[in-house]
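Data block below; observations after.
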Number of protein chains: 2
Amino acid sequence: MTYKEQLTTHFNNISEVCVPGLSLDCVIFGFHETRLNVLLLRWKGTDEWCLPGGFIVKDESVDVAAGRVLHERTGLDRLFLQQFHLFGDAVRYDREDTWRRQKMPMPFGSAAWPERTISVGYYALVDQLKVTPMADFMSDECSWWEVNELPSLLYDHKHIIDVALRTIRVQLSWQPIGLNLLPEKFTIPELQRLYEAVLGRPLDARNFHKKIMGLNILIRMDERRTGKAHKSPYLYQFDQERYQRALINGDLSFV
Amino acid sequence: MTYKEQLTTHFNNISEVCVPGLSLDCVIFGFHETRLNVLLLRWKGTDEWCLPGGFIVKDESVDVAAGRVLHERTGLDRLFLQQFHLFGDAVRYDREDTWRRQKMPMPFGSAAWPERTISVGYYALVDQLKVTPMADFMSDECSWWEVNELPSLLYDHKHIIDVALRTIRVQLSWQPIGLNLLPEKFTIPELQRLYEAVLGRPLDARNFHKKIMGLNILIRMDERRTGKAHKSPYLYQFDQERYQRALINGDLSFV
DNA sequence: ACAAAAGTGTTCTTTCTACACCCATGG
DNA sequence: CCATGGGTGTAGAAAGAACACTTTTGT
């Protein structure tokens with residue numbers, strides 16, 4: 001079976017078993033060193049990138065579909081995953097241009113499939129080191145890109161990433177969602193670098209320390225992170241139980 | 001043409017010209033005296049109520065479709081209208097039960113129309129006095145209901161209203177969206193009552209005055225509101241221009 | 001021993017909260 | 001003239017912002 005036949009079979013199948021005209025796109029944020037990254041796929045045989053996405057099976061919850069897409073690309077389960085916007089403009093992007101850049105575009109031929117596609121955006125926050133990015137059969141490569149240095153993107157995916165970024169910046173001020181982007185054990189300076197990456201501005205170390213500890217959801221371990229030059233920082237863990245309690249009480253604001 | 005035939009024709013038409021399987025529901029908030037209200041329709045021949053909703057024409061932007069629905073029910077244009085959530089659970093409500101209560105449910109017969117419907121929620125904030133609620137041919141009545149005293153609702157519309165309410169409560173803390181719920185000229189106590197209705201708790205008059213005036217987006221008129229007993233309060237107007245500027249700068253938080 | 005990051009407190013400023021009295025109006 | 005809601009300021013508490021030096025570690 002040639003690649004083109006494979007693609008056609010795949011989309012015929014989607015047309016049949018999925019909700020027509022509705023797709024979902026996942027903006028998967030990862031964090032490494034001081035950089036906030038997004039997971040992207042390179043469209044087969046091109047230098048064009050796009051967000052991991054998928055379709056919703058006819059009797060499947062949209063949230064479940066998003067979890068499925070995420071699992072397929074990252075191998076991770078039970079991720080922090082949140083719907084953030086429906087992209088429903090009549091003309092979301094220049095279709096001719098996108099098809100040209102894709103070389104082999106998605107072959108939706110079915111009459112049941114509408115001309116235009118509406119898309120739900122989800123964002124996920126993951127610990128980048130736990131992820132082995134996996135390309136699908138429509139892409140040659142799956143990798144992390146710094147949010148400030150994105151490659152050429154297909155569709156309206158640049159716009160979708162912008163909206164997702166704006167969303168997590170606001171969210172970060174209300175709840176410490178950033179904790180999902182770090183490994184189980186982390187240091188305060190690592191957490192601070194994460195906040196700085198998401199918010200896009202430097203923070204004062206002393207004030208940061210006070211505020212984040214004031215939330216009462218971090219526990220200091222006896223261990224320290226060694227191996228690097230300089231003073232070794234303490235490791236902390238996230239207190240899931242207290243976090244849940246604080247979420248309900250609503251006292252997790254961080255500005 | 002009997003009502004049943006009319007209904008069938010209508011839904012045949014929708015199946016043909018609209019995006020299949022996707023609907024939209026509008027939570028239209030109005031404010032009057034001290035009460036925050038929602039506009040509801042009474043399903044023809046029943047005592048069951050539901051949100052005004054509609055479908056998206058195949059080449060229509062979802063935002064435009066929401067504006068259209070809103071215009072049809074309220075006669076208003078250029079409303080404050082915002083998408084807030086996609087309701088995409090595989091089972092959103094007990095269908096058998098809803099059909100029974102509806103007596104004559106929406107007759108989607110077409111093969112192109114999926115079994116389950118996904119719905120986008122929009123909320124609108126309107127000046128209740130500018131609105132003449134209009135029922136459509138599927139409903140006997142269109143009227144305002146206090147958010148704390150809702151009647152029996154069809155589908156998952158109670159849940160949709162709850163999510164909308166939670167959303168505007170959060171939004172209100174970040175931008176003075178409440179101004180859309182009042183007439184052009186209003187008094188500070190009226191505005192305070194609106195905030196109290198949305199937030200669901202009393203506010204201190206002096207602190208409220210300070211904070212709201214601190215935003216620098218209200219202009220005091222020379223007129224006062226007379227006609228009622230007691231001291232006549234000043235009228236204020238909303239400074240659109242400064243509001244736009246403040247929105248961009250992000251200094252409109254109100255907690 | 002040196003360079004570089006970690007850790008830690010205090011002061012000042014701003015914002016938030018609580019609280020009470022006189023005034024104007026229509027009835 | 002009375003009842004009722006409108007209008008206004010201040011003091012104390014809490015939270016936010018600015019700021020510098022010592023400690024630790026690997027090289």
Side-chain angles (χ1 to χ4, degrees), chain A residues 32-35 172-176 182 185-197 199-237 246 249-255, chain B residues 32-35 172-176 182-183 185-197 199 201-237 246 249-255:
Chain A
H32 188 58
E33 312 262 306
T34 62
R35 285 157 200 281
L172 199 66
S173 312
W174 286 90
Q175 34 169 297
L182 288 174
K185 292 177 186 177
F186 51 87
T187 69
I188 301 288
E190 280 163 9
L191 186 58
Q192 183 180 338
R193 267 173 252 131
L194 162 59
Y195 269 73
E196 290 175 332
L199 297 175
R201 62 184 163 90
L203 299 170
D204 178 86
R206 273 168 298 190
N207 294 337
F208 182 80
H209 189 274
K210 255 181 295 176
K211 232 194 243 165
I212 209 78
M213 292 312 290
L215 299 178
N216 270 315
I217 51 169
L218 297 187
I219 311 165
R220 190 163 92 173
M221 314 274 92
D222 290 332
E223 310 165 68
R224 288 146 170 270
R225 160 115 50 223
T226 54
K228 294 220 185 65
H230 324 309
K231 186 168 179 177
S232 29
Y234 286 101
L235 285 167
Y236 288 77
Q237 245 182 341
N249 301 338
D251 38 40
L252 281 177
S253 89
F254 183 103
V255 186
Chain B
H32 188 58
E33 312 263 308
T34 63
R35 284 157 200 282
L172 198 67
S173 312
W174 286 89
Q175 31 169 302
L182 289 173
K185 292 177 185 177
F186 51 86
T187 69
I188 301 288
E190 280 163 9
L191 186 58
Q192 184 180 337
R193 267 173 251 130
L194 162 60
Y195 269 73
E196 290 175 332
L199 297 176
R201 62 184 163 90
L203 299 171
D204 178 87
R206 273 169 296 192
N207 295 337
F208 182 80
H209 189 274
K210 255 181 295 173
K211 234 193 241 166
I212 208 78
M213 292 313 290
L215 299 178
N216 270 315
I217 51 168
L218 297 187
I219 311 167
R220 189 164 94 173
M221 314 275 91
D222 289 331
E223 311 165 68
R224 288 146 172 270
R225 164 138 325 164
T226 55
K228 293 221 184 65
H230 324 308
K231 188 169 179 178
S232 30
Y234 286 100
L235 286 167
Y236 287 77
Q237 244 182 341
N249 301 338
D251 38 41
L252 281 178
S253 89
F254 183 104
V255 185

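What you find for R225(B) and S232(B) is that their closest heavy atoms are O-CB, 2.9 Å. Closest of all the heavy-atom pairs between Q192(A) and A205(A) is OE1-CA, 3.4 Å. Contact between P176(A) and I217(A) at its shortest, heavy atoms only, is CG-CD1, 3.5 Å. Scanning all heavy atoms of the two residues, the minimum distance from T187(B) to P233(B) falls at CG2-CG, 3.6 Å. Shown here for E33(B) and R193(B), the closest heavy-atom pair between the two residues is O-CB, 4.4 Å.
Within the nucleic acid shown, R225(B) has no heavy atom closer than 4.0 Å to any nucleic acid atom.
Taking side-chain N and O atoms only, R193(B) has a distance below 4.0 Å to OP1 or OP2 of dG6(D). Regarding contacts with the backbone of dT8(D), a side-chain N or O of H209(B) is found under 4.0 angstrom from either OP1 or OP2.
The shortest side-chain heavy-atom distance between P202(B) and E196(B) falls under the 4.5 Å cut-off. At a threshold of 4.5 Å between non-hydrogen side-chain atoms, the residues I188(B) and M213(B) count as touching. Within the 4.5 Å cutoff, no side-chain heavy atoms of E190(B) are placed close to those of Y236(B).
Summarising the geometry, the separation between CE on M213(B) and P on dG7(D) is reported as 11 Å, rounded to the nearest angstrom. Rounded to whole angstrom, the span from the CD atom of E190(A) across to the P atom of dA6(C) amounts to 9 Å. L235(A) has its CG atom 12 Å from the P atom of dA6(C), to the nearest Å. Remark: P of dA6(C) and OH of Y234(A) are 14 Å apart, rounded to the nearest angstrom. When the P atom of dA5(C) is taken as reference, atom CD of Q192(A) falls 13 Å away, rounded to whole Å. The CG atom of L203(A) sits 11 Å away from the P atom of dA18(D) (whole-angstrom rounding). One interatomic measurement links the two molecules: NZ of K211(B) to C1' of dG9(D), which rounds to 17 Å at whole-angstrom precision. Put simply, CD1 on I188(B) is 18 Å from P on dG5(D), counting in whole angstrom units.
Residue Y195(A) holds its OH atom at 8.0 Å from CG of L199(A), rounded to the nearest 0.5 Å.
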Check: protein-nucleotides 9-13 of chain C nitrogen or oxygen pairs below 3.5 Å:
{"unit_1": "dT10(C)", "atom_1": "O4", "unit_2": "K210(A)", "atom_2": "NZ", "d": "3.0"}

Pairs under 3.5 Å (N/O, protein and nucleotides 21-25 of chain C):
{"unit_1": "dA24(C)", "atom_1": "N3", "unit_2": "K231(B)", "atom_2": "N", "d": "3.2"}
{"unit_1": "dT25(C)", "atom_1": "OP1", "unit_2": "S232(B)", "atom_2": "OG", "d": "3.4"}
{"unit_1": "dT25(C)", "atom_1": "O4'", "unit_2": "H230(B)", "atom_2": "O", "d": "3.1"}
{"unit_1": "dT25(C)", "atom_1": "O2", "unit_2": "H230(B)", "atom_2": "N", "d": "2.9"}

